[in-house]
Amino acid sequence: MAKLSTEMIHLLGNYGHIGFTFVAAIFIGLGGGIYLDEKFFDGRTSPWFTFIGLAFGIAAGFKSLFDILRTQAAKPDDTDSEG
Amino acid sequence: MEHPILLISIILEKLGLPIPHGPVGNTFLEKLCEPYMTYTWFVMIFLVVVGKLTLSNVEMIPGKGQNFWELIIGGMNDFFNDNMGKELTEKLFPMIATFALYIAVANLIGLIPGFMSPTSSINTTLALTVIVWVTHHIIGFRAHGVNYIKHFLGPIPVLIPLMFPIELISNIARLLSLSIRLFGNIMAKETLLGILFMLAGAYFAPLPIMMLGVLVSVVQAMVFVLLTVVYFGQANEHAH
């Protein structure tokens, strides 16, 4: 395979899932919050865990974004460094 | 949306097996005869038969078939070695290479009229993703023992209550994003091809989408494998 296309595949693989991972993290946080509110506490704490879960979800989205950027920035120098 | 014509379903219906008319069957036999199940079996049989035909007598000077496989397997082996180290590659090469071949063939088979991609069903992709996700945790536990939990605690001890839920959510997000990306891409390709085929199949309207479909199929298979390799490598590394 040509070098250009392998590089393109690498870029697609490394950066192509940023959007999906970000959205998935937010939705999982929100879903967990809603589950805690409605099923675990029977709606007594109603909006609060939803908001907390949403905040954690957004934070997790940004965290996975930074992870992707950091691992990619560290890669060209030494592949086996500690994260 | 279903394909207009599915060859294996027609053959099975002629044989007297129940083919579900909705997306999900009711009885156990109907569930087994759903198109994505039958086409999964078809892809598996295809891979086994092709492997048997081309590799039945391995020679010192490779022929056409053996050359093809040596190129693919050698390329994958180098790629895994670069990305997750020799040890893990030796242990896990059969699994990841099987995933790569299976996903690539399953994606490409949908381009042939009368066939569908098994990967255009969320059940198939979710099953593959759950296997990968569980395996990367097993690798982590085997490499680090109880200390594997440090992967989820962040760099500073004071921030553990904040970082633990965040790391947990972003880890579970891998499960969702890996499965839905493959499913979404392939399902979009299949649906678009089906619609264009019904609207203007006589004027070769699906042809440009088919060309894009080849690209999407190969790239999605490679992306799935690349991310699998990256996750396995990360689980094996030391915590930051």
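In what follows, every heavy atom counts, from backbone to side chain, and hydrogens, waters and symmetry copies are set aside. Lettering follows sequence order; numbering is per chain, from 1.
For B:Leu227, the part lying under 4.5 angstrom from a heavy atom of chain A is the side chain only. Contacts between B:Gln220 and chain A at a heavy-atom distance below 4.5 Å are absent for every atom of the residue. Interface residue B:Phe79: only side-chain heavy atoms are found under 4.5 Å from chain A.
Near-neighbour residues of residues 22-30 of chain A relative to chain B, defined by a heavy atom under 4.5 Å from a heavy atom of that chain, comprise A:Ala24, A:Ala25, A:Ile28, A:Gly29.
Counting non-hydrogen atoms of neighbouring residues, nucleotides and ligands closer than 6.0 angstrom, the CZ atom of A:Phe40 reaches no more than 12 such neighbours.
In this structure, CG on B:Leu162 lies 5.0 Å from CZ on A:Phe56, to the nearest 0.5 angstrom.
Heavy-atom pairs under 4.5 Å with chain A peak, among B:Leu176, B:Val223, B:Ile166, B:Ile180, at B:Ile166.
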Taking only distance into account, with no hydrogens and no angle test, what donor-acceptor pairs under 3.5 Å do side-chain atoms of residues 92-102 of chain B form with protein atoms, sequence neighbours excluded?
{"unit_1": "B:Thr98", "atom_1": "OG1", "unit_2": "B:Pro94", "atom_2": "O", "d": "2.4"}

